[in-house]
Amino acid sequence: MSERDQTPARARSFGRVLLAIVVLALAVRVGYVAGAKHGPCFVNHKIGSIPTQCPVGDQLFYNGEANRLALGDGFVNWAIRGSHSPPAADHPPLTVVVLTPAAWLNMHWPLDVLHDPTGVTVERYYMAALGTLLVFLIGLLGRRIGGSGVGLVAALIAALYPNLWVNDGLIMSETVTGIVVVLALLTAYRLRDRSRFTAALACGAACGLVVLARVELGMLVPLLAVPAALASRGADRRKHFTLAAATVAATVILVAPWVLYNESRFVDTTFVSTNDGLTLAGANCPPVYSGNTIGLWVIQPPCTDDPQPAGDQSQVSAAYRRKAFDYIRAHKRRVPIVVAARVGRTWSVYRPHDMLFYNAGEGRERWVTVLGLIAYYPLALLALAGAWILARRRRGLLWPLVVPVIAVTIGVALTYGQTRFRAAAEPSLVLLAAVAMVAVWTRHPTNTDAGRRSGYDLTQGVTP
């Protein structure tokens with residue numbers, strides 16, 4: 001059988017195995033939600049004592065805001081009932097928009113067996129389905145980087161990796177962010193290989209979705225989309241710049257309606273979110289500049305004010321920004337140490353055990369955090385090996401995978417450290433680890449031919 005005749009059969013084989021892995025991923029996520037997120041919810045206000053089946057913190061916002069949007073109220077303060085709720089932009093809008101169909105479904109066809117009028121349970125299962133989609137996309141991206149073998153190994157790791165599936169049991173932005181980041185990576189590789197205007201627009205649009213999921217990841221535009229356009233194959237310098245401009249334009253076009261909407265309803269200038277002021281104030285104050293809580297975030301006095309500053313969300317955010325910058329200027333010598341602690345906490349190299357308590361305050365079970373730490377360290381080492389392999393064997397494949405790692409690191413250096421902020425970079429770790437695992441397997445002489453059939457050739461590098 002010729003190579004051309006074998007290609008469709010190999011594609012069908014890849015598809016069948018990937019489908020089986022996706023089913024496994026769905027079972028893991030549904031099982032986690034069913035087993036860990038059901039039961040009585042005894043609410044009190046002591047951090048760490050609220051059962052993890054209770055929505056806390058940002059989960060309350062995303063659930064409440066999706067419910068208000070499903071009712072047709074728009075983006076308003078979800079906690080203030082009535083027709084005169086003030087405008088709100090606590091977080092970028094994409095996760096709320098994605099959750100709204102689940103909220104609407106729960107309102108119009110309530111599943112009485114769940115006994116959950118708030119829609120939290122429905123939205124958690126909905127997130128489990130979205131997390132399964134992320135596994136599928138990681139598999140496709142892995143095949144694009146290193147062939148079928150890398151794609152399937154990456155998908156299997158993603159299906160079982162606790163630091164991915166734990167996000168799918170929470171009503172937060174991490175799952176949605178992971179999906180759009182992987183879409184941005186897929187479109188960036190496509191743009192690099194095909195100097196087409198449509199590819200540039202797709203890459204820019206994907207980066208725009210990333211901004212609407214987590215604003216600090218807007219760094220993907222200059223670090224991922226523009227370099228992919230400038231390195232696009234088969235194009236001259238003029239076309240390179242045209243493609244780069246197209247990626248930026250697509251991002252701006254996608255994000256601009258939300259920015260203009262915010263400008264029309266807030267007193268102070270607001271771009272994507274009003275959350276920056278509160279984030280900076282909680283990350284730059286006495287409790288988090290020294291001691292055991294250095295590099296974390298505190299949302300209580302003296303970091304925040306009680307009562308909070310007057311005005312709408314944009315004015316409150318501006319007041320907190322000024323407070324944070326005043327504190328930073330007064331403690332410049334501490335900033336490098338605090339930044340190092342933030343980065344170290346995010347990448348679990350500084351006081352990782354603190355996350356056992358801190359994650360519980362956000363709805364993660366202690367045992368899941370332990371599993372995540374156990375799985376993370378070998379995965380990170382394999383990812384470093386995979387990065388070294390890609391850097392040696394094929395130029396151009398490594399950089400896109402490194403970009404989310406850089407963006408996350410810069411983002412937490414400017415705000416605060418938390419392991420969940422790694423969510424945007426976890427797919428890169430999974431993919432690089434898969435490259436290393438397939439490389440080790442194919443290095444054995446008896447596996448060389450099988451490795452080449454899988455798309456990974458140690459003598460020629462990773463096939464496109």
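- Proximity of E362 to Q418: side-chain heavy atoms (C-beta onward) are separated by under 4.5 Å at one or more points.
- Of the inter-residue distances, the one linking D90 atom CG with L60 atom CG reads 11.5 Å to the nearest 0.5 angstrom.
- Between Q313 and L278 there is no side-chain heavy-atom pair separated by less than 4.5 Å.
- Within the 3.5 Å criterion, the main-chain N or O of A88 finds a donor-acceptor partner in the side chain of R265.
- Ring planes of F421 and Y416: perpendicular class, angle over 60° (limits at 30 and 60°).
- Inter-residue side-chain proximity for L397 and Y189 is flagged as met; some heavy-atom pair is nearer than 4.5 Å.
- Looking at residues two or more places apart in sequence or on another chain, you find a side-chain contact (heavy atoms from CB on, under 4.5 Å) between D58 and Y62, H91, M172, R420.
- Using modelled atom types, no side-chain atom of Y327 and backbone atom of C303 make a donor-acceptor pair closer than 3.5 Å.
- Scored by the salt bridge (Lys or Arg N to Asp or Glu O under 4.0 Å) test, D276 finds R321 as partners (sequence neighbours excluded).
- Around CZ of F136, the count of heavy atoms belonging to other residues, nucleotides or ligands within 6.0 Å does not exceed 12.
- Proximity of N67 to E123: side-chain heavy atoms (C-beta onward) are separated by under 4.5 Å at one or more points.
- If you take CG on L24 and CG on L160, they are separated by 5.5 Å, rounding to the nearest 0.5 Å.
- A pairwise comparison of heavy atoms in A66 and L99 identifies CB-CB, 3.9 Å as the closest pair.
- Residues L379 and A433 approach most closely at CD1-CB, 3.4 Å, considering heavy atoms.
- Contact of the R342 side chain with the V338 side chain is registered, since non-hydrogen atoms from C-beta on lie closer than 4.5 Å.
- For the atom pair CG (L431) and CD1 (I145), the distance works out to 4.5 Å, reported to the nearest 0.5 Å.
- Because its NZ or CZ atom is both nearer than 6.0 Å to the ring centre of Y376 and within 45° of the ring axis, R422 counts as a cation-pi partner of that residue.
- The closest donor-acceptor contact from the side chain of N284 to the backbone of L280 lies under 3.5 Å.
- In this structure, K37 and L170 have side chains that are in contact, with non-hydrogen atoms separated by less than 4.5 Å.
- Interatomic distance, CG of L373 versus OG1 of T419, reported as 7.5 Å (0.5 Å rounding).
- A distance-only check finds a donor-acceptor pair linking the side chain of R29 to the backbone of A25 [under 3.5 Å].
- Put simply, the side chain of L69 does not reach to within 4.5 Å of the side chain of W104, judged on heavy atoms.
- With rounding to the nearest 0.5 Å, the separation of CG in L212 from OG1 in T177 is 10.5 Å.
- With 3.5 Å as the limit, one finds no donor-acceptor pair spanning the side chains of T175 and N167.
- No donor-acceptor pair closer than 3.5 Å links the side chain of R124 to the backbone N or O of V33.
- Taking S264 as the reference, Y261 meet the side-chain contact (heavy atoms from CB on, under 4.5 Å) condition, with sequence neighbours excluded.
- Judged by a 6.0 Å distance limit and a 45° cone about the ring axis, R364 is not positioned over the six-membered ring of W165.
- With respect to D326 and R329, a salt bridge is recorded, a charged nitrogen being found less than 4.0 Å from a carboxylate O.
- When atom types are taken as modelled, the side chain of S195 and the backbone of R233 share a donor-acceptor pair closer than 3.5 angstrom.
- By the 6.0 Å contact criterion, CZ on R351 is enclosed, its count of non-hydrogen atoms from other residues, nucleotides or ligands being greater than 12.
- With T251 contributing its side chain and G204 its backbone, the two residues share a donor-acceptor pair below 3.5 Å.
- In terms of modelled atom types and a separation under 3.5 Å, the side chain of T132 and the main chain of V22 share no donor-acceptor contact.
- Inspection of the T409 and W347 side chains reveals an N or O donor paired with an N or O acceptor under 3.5 Å.
- Between L390 and L401, some side-chain heavy-atom pair lies under the 4.5 Å cut-off.
- Between the side chains of S173 and R214, at least one donor N or O lies within less than 3.5 Å of an accepting N or O.
- The two residues M355 and L296 come nearest to each other via the heavy atoms CE-CD2, 3.9 Å.
- One N or O on the side chain of N163 and one on the backbone of G372 form a donor-acceptor pair closer than 3.5 Å.
- F197 CZ: 12 or fewer foreign heavy atoms inside a 6.0 Å radius.
- Separating the CG atom in L224 from the SG atom in C203 is a distance of 5.0 Å, to the nearest 0.5 Å.
- Among all heavy-atom pairs drawn from S428 and P404, the shortest one is OG-CG, 3.7 Å.
- Looking at W78, its side chain never comes within 3.5 Å of a backbone N or O of N63 through a donor-acceptor pair.
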